There are 2 protein chains.
Amino acid sequence: MSEVAATGISVLLVDDHPIVRQGYRRVLESQGDLHVVAEADNAADAYGAFKAHDPDVVLLDISMPGASGLEAIRNIRARSPRARILVFTMHNEAVLVKSAFSAGASGFVTKSSEPSAVVAAIRAVARGERAMSDDIAHILAEDSLSAGSVLDQLGEREIEILRQFAGGATTEQIATHLNLSVKTVQNYHYLIKTKTGARTDAQLVRLAATCGLARI
Amino acid sequence: MSEVAATGISVLLVDDHPIVRQGYRRVLESQGDLHVVAEADNAADAYGAFKAHDPDVVLLDISMPGASGLEAIRNIRARSPRARILVFTMHNEAVLVKSAFSAGASGFVTKSSEPSAVVAAIRAVARGERAMSDDIAHILAEDSLSAGSVLDQLGEREIEILRQFAGGATTEQIATHLNLSVKTVQNYHYLIKTKTGARTDAQLVRLAATCGLARI
DNA sequence: ATCCGGCTTGGGAAATTTGCCCGAGCTGCA
DNA sequence: TGCAGCTCGGGCAAATTTCCCAAGCCGGAT
């Protein structure tokens with residue numbers, strides 16, 4: 001499919017919400033030069049779809065249930081290093097953004113971006129450039145200046161588990177989502193509490209909320 | 001705008017993500033009988049847009065930053081009791097669904113629903129019916145062992161304990177504050193969870209926060 | 001008057017979770 | 001090569017949660 005690059009940009013759409021995918025598809029295809037060649041609704045299917053269609057750009061929502069979207073990024077990049085992945089999510093925490101880039105993403109735009117900015121980002125990463133929306137640039141910039149928050153002491157896994165926990169997920173649900181044993185999730189839970197100094201689950205939720213990790 | 005009802009259903013779109021709104025707009029308008037007459041990107045603007053356009057249906061994403069989407073529902077319904085509000089979100093916790101309905105929503109569909117189900121739900125609420133997606137019905141059904149409208153069924157003591165708990169207090173601290181035995185506080189804690197349908201402490205904190213019981 | 005129902009307060013016992021310690025594999029870095 | 005840190009989980013005592021139950025109190029219904 002990459003030989004159609006001269007006539008347009010092929011896009012693989014990965015998002016777990018059907019109507020959202022359908023909406024994106026219409027928005028992108030109305031651009032003329034963008035063509036959605038495949039869709040996937042979970043991280044596991046993303047690589048299969050990538051291999052089958054070899055798209056110029058993967059538009060990926062990393063806030064998916066099941067395996068982490070970061071996982072999907074690493075998965076694709078590990079086997080196809082020239083893949084261009086544009087992360088597209090409503091989360092805008094600096095930690096997540098940095099994780100995504102270090103996992104191999106080429107760009108990061110939030111869902112609060114204007115459609116034109118998203119489309120521009122797709123074209124940018126298709127050209128091999130790095131792209132991010134204005135709000136993300138802002139957040140990264142401020143983050144690079146500010147001293148570390150509590151979240152900086154937490155690893156990627158810990159952050160992900162804290163996010164899901166604060167979102168209301170059960171220990172079992174988190175274990176299932178991340179393919180971990182319940183015991184491991186419990187250990188992370190405890191570790192997060194000791195690292196952050198939270199003595200109560202409620203304090204943990206409040207902490208996550210004030211750090212922007214969980215929306216309430 | 002309600003005089004166009006004979007020729008179709010007018011919809012007000014409330015979601016904080018521009019591209020998501022644009023996608024929904026295209027999906028809905030491709031149906032022929034659905035017309036997006038206005039958009040809003042936050043709860044505060046929702047009522048203004050409602051008053052200005054008097055849509056048949058409000059399609060509302062309640063997972064917005066800033067004011068609670070529940071607030072927006074109450075706002076609109078308080079001043080226009082015949083408004084039809086269809087909540088459209090990716091959250092699927094029973095407590096949230098019940099809160100939305102008791103706030104005055106006419107329907108509740110998740111973003112993991114098929115677009116056709118969403119469209120059907122819009123038509124249903126436009127006819128004055130109640131609508132919800134299959135997964136929501138499932139969750140509510142299982143939850144309906146202990147029915148009720150969430151916070152209203154809690155006693156004074158329960159509310160006070162929930163407030164302190166959500167504020168980050170330890171069980172012992174609550175017991176000391178209220179001059180109760182730890183055992184009693186534990187029993188209340190359990191009782192509150194069963195009454196509200198929260199399965200997790202985190203869900204309890206979120207519930208308290210959305211009900212204005214705790215500030216985060 | 002009496003009874004019903006709900007709130008408040010706690011005991012008890014089994015099931016789970018927490019708190020903390022541990023080891024092992026892996027990766028990046030010096 | 002070796003250290004450091006993340007990830008993943010086992011183990012086990014202590015604590016908490018989950019239910020079930022009882023009793024006193026109070027307001028309202030009979």
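These figures come from a predicted structure and were not determined experimentally. In what follows, chains carry the letters A, B, and so on, assigned in the order in which the sequence lines appear, proteins first and then strands, with residues in each chain numbered from 1.
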If you compare every side-chain N and O of B:K193 against the phosphate oxygens of D:dT18 (OP1, OP2), does one of them come in below 4.0 Å? yes
Note: B:D201-B:K193 ion pair, threshold 4.0 Å (strictly below): yes
Just how far, in rounded Å, is P of D:dC25 from CZ of B:R157? 16 Å
Counting only heavy atoms from other residues, nucleotides and ligands, does the tally under 6.0 Å from CG of A:D33 exceed 12? yes
Once rounded to the nearest 0.5 Å, what's the spacing between atom CG of A:D56 and atom CZ of A:R82? 8.0 Å
Could you tell me from which nucleotide to which nucleotide of DNA chain C, 5' to 3', there is an atom under 4.0 Å from chain B heavy atoms? C:dC7 to C:dA13
Say you draw a straight line from CE of A:M132 to CZ of A:F101; how long is it, rounded to the nearest 0.5 Å? 4.0 Å
In whole angstrom, give the distance that lies between atom CD1 of A:I161 and atom P of D:dC6. 14 Å
Quick check for you: to the nearest 0.5 Å, what is the distance between B:N75 atom CG and B:Y47 atom OH? 8.0 Å
Gap separating the CG atom of A:L213 from the CG atom of A:L154, nearest 0.5 angstrom: 8.5 Å
B:Q203 (side chain) donor-acceptor with A:G168 (main chain) under 3.5 angstrom: yes
Among A:K111, A:R21, A:H17, the one residue meeting side-chain hydrogen bond (donor to acceptor under 3.5 Å, both in side chains) with A:D61: A:K111
Name every residue in residues 194-201 of chain A that has at least one heavy atom under 4.0 Å from any atom of DNA chain D, in order of residue number, or write none if there are no such residues. none
Please determine whether the number of non-hydrogen atoms from other residues, nucleotides or ligands lying under 6.0 Å from atom CZ of A:R123 exceeds 12. yes
Under a 4.0 Å heavy-atom cutoff, the residues of residues 179-192 of chain B touching DNA chain C are B:L180, B:S181, B:K183, B:T184, B:N187, B:Y188
How bent is the helix from C:dA1-D:dT30 to C:dA30-D:dT1, measuring the angle between the end axes built from five pairs each, rounded to 10°? 30°
More than 12 heavy atoms from other groups under 6.0 Å of CG on B:D45: yes
Would you please indicate if the ring centroids of A:Y24 and A:F88 are separated by under 6.0 Å? yes
Indicate yes or no: does A:R157 engage A:E160 in a salt bridge with an N to O separation below 4.0 Å. no
Sequence neighbours excluded, which residues qualify as salt bridge (Lys or Arg N to Asp or Glu O under 4.0 Å) partners of A:R127? A:E129
On a heavy-atom basis, which atom in A:I85 and which in A:R77 lie closest, and how many Å separate them? CD1-CG, 3.8 Å
Does anything in residues 168-178 of chain B reach DNA chain C, meaning a heavy atom under 4.0 Å, and if so which residues? none
On the 0 to 90° scale, with breaks at 30° and 60°, tag the A:H189-A:F165 ring pair as parallel, tilted or perpendicular. perpendicular
